[in-house]
Amino acid sequence: DPDIKTARINRVIVSSGATIDDLKETSSGVHFGLRFFAGQNSHGFLSGFRPTEIWVNGKKLPESGSPLKREAGWWWDRAHRRAYFTVTHDRSEVKMEIKSGS
């Protein structure tokens, strides 16, 4: 399904071309699953807080100082207050953990 999917919990919104599963808020941020085509990258964004770290399947996703193109990582857009992320799906479903500093 090529449409954008969106999930919301309290003040946090996650949107992605991948399917978003089981968005949960935790004391340190949010976690959820992303389902997409194995071997491909998915793209998405989070609004509601500025992440301090983003983890995919237990591995830290690198933060970029500029907007992403096709490389895996994440970037904070200060003007729009959103974190954009690109995730490589080594398998069809990955587990995301996005940590907040507050």
Side-chain angles (χ1 to χ4, degrees):
D1 183 2
D3 292 332
I4 300 299
K5 290 81 169 177
T6 300
R8 180 180 185 143
I9 187 166
N10 298 322
R11 72 189 198 298
V12 178
I13 298 171
V14 177
S15 290
S16 178
T19 300
I20 303 161
D21 291 324
D22 203 25
L23 176 63
K24 300 273 190 206
E25 197 166 24
T26 68
S27 61
S28 63
V30 295
H31 63 83
F32 54 93
L34 281 181
R35 284 186 289 126
F36 201 64
F37 302 102
Q40 300 292 314
N41 286 350
S42 69
H43 307 273
F45 76 84
L46 168 134
S47 65
F49 65 87
R50 191 208 190 287
T52 54
E53 298 178 335
I54 297 181
W55 294 75
V56 180
N57 289 339
K59 295 179 184 169
K60 193 172 177 181
L61 199 61
E63 183 177 5
S64 176
S66 59
L68 300 168
K69 301 216 185 312
R70 295 178 185 227
E71 69 276 8
W74 69 279
W75 173 69
W76 176 249
D77 179 348
R78 290 175 47 183
H80 296 100
R81 302 189 50 78
R82 293 181 186 146
Y84 292 92
F85 53 85
T86 299
V87 176
T88 301
H89 288 257
D90 54 356
R91 54 185 181 260
S92 61
E93 184 169 357
V94 297
K95 300 294 181 192
M96 300 279 301
E97 183 179 5
I98 302 181
K99 296 183 178 185
S100 166
S102 56

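Worth knowing before you read on, the calculation uses all heavy atoms, side chains too, and leaves out hydrogens, waters and symmetry mates. These figures come from a predicted structure and were not determined experimentally.
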Worksheet item: When you look at Ile54 and Leu46, which way does the side-chain contact (heavy atoms from CB on, under 4.5 Å) test go after all the steps?
Response: CA-CA 11 Å; Ile54 297 181; Leu46 168 134; over 6 Å; no
Is it true that a side-chain atom of [X] and a backbone atom of [Y] form a donor plus acceptor pair closer than 3.5 Å?
X: Arg50; Y: Thr52; value: no
X: Asn57; Y: Lys95; value: yes
X: Thr26; Y: Gly29; value: yes
X: Arg82; Y: Asp77; value: no

Partners passing side chain to side chain contact (heavy atoms under 4.5 Å, CB included) against [X] (at least two apart in sequence or in another chain):
X: Glu53; answer: Trp55, Lys60, Lys99
X: Lys69; answer: Glu71
X: Ser15; answer: Ile4, Thr6, Ile13, Phe45

Worksheet item: Got Ile20 and Leu34 here, is their nearest side-chain heavy-atom distance under 4.5 Å?
Response: yes
Shortest non-hydrogen contact from [X] to [Y]?
X: Trp74; Y: Pro51; result: CH2-O, 3.4 Å
X: Phe36; Y: Asn41; result: CE2-O, 3.1 Å
X: Leu23; Y: Phe32; result: CD1-CD2, 3.6 Å
X: Ala18; Y: Arg35; result: CB-O, 3.3 Å
X: Met96; Y: Val56; result: SD-CG2, 3.6 Å
X: Thr86; Y: His43; result: OG1-ND1, 3.0 Å

Discussion item. Can you tell me how far apart CG (Leu68) and CD (Glu63) are? Round to the nearest 0.5 Å.
Written reply: 10.0 Å
Practice prompt. First locate atom CD of Glu25, then atom CG of Asn10, and finally report the distance between them rounded to the nearest 0.5 Å.
Written response: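 If I round to the nearest 0.5 Å, the distance is 4.5 Å.
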Discussion item. Could you go through Arg81 and Trp76, starting from their C-alpha distance and side-chain angles, then the distance that decides it, and tell me whether this counts as side-chain contact (heavy atoms from CB on, under 4.5 Å)?
Written reply: CA-CA 7 Å; Arg81 302 189 50 78; Trp76 176 249; 4.0 Å; yes
Worksheet item: Do Glu97 and Ser28 pass the side-chain contact (heavy atoms from CB on, under 4.5 Å) test, and can you show the C-alpha distance, the side-chain angles, and the key distance before you say yes or no?
Response: CA-CA 9 Å; Glu97 183 179 5; Ser28 63; 4.2 Å; yes
Discussion item. Between Ser42 and His89, is the side chain to side chain donor-acceptor pair (under 3.5 Å) condition met? List the steps.
Written reply: CA-CA 7 Å; Ser42 69; His89 288 257; 2.8 Å; yes
Fill in: Same apolar cluster (I L V M F W Y, side chains within < 4.5 Å links), Phe49/Tyr84
no
Practice prompt. Verify side-chain contact (heavy atoms from CB on, under 4.5 Å) between Val12 and Ile98, making sure each step is shown before the conclusion.
Written response: CA-CA 11 Å; Val12 178; Ile98 302 181; over 6 Å; no
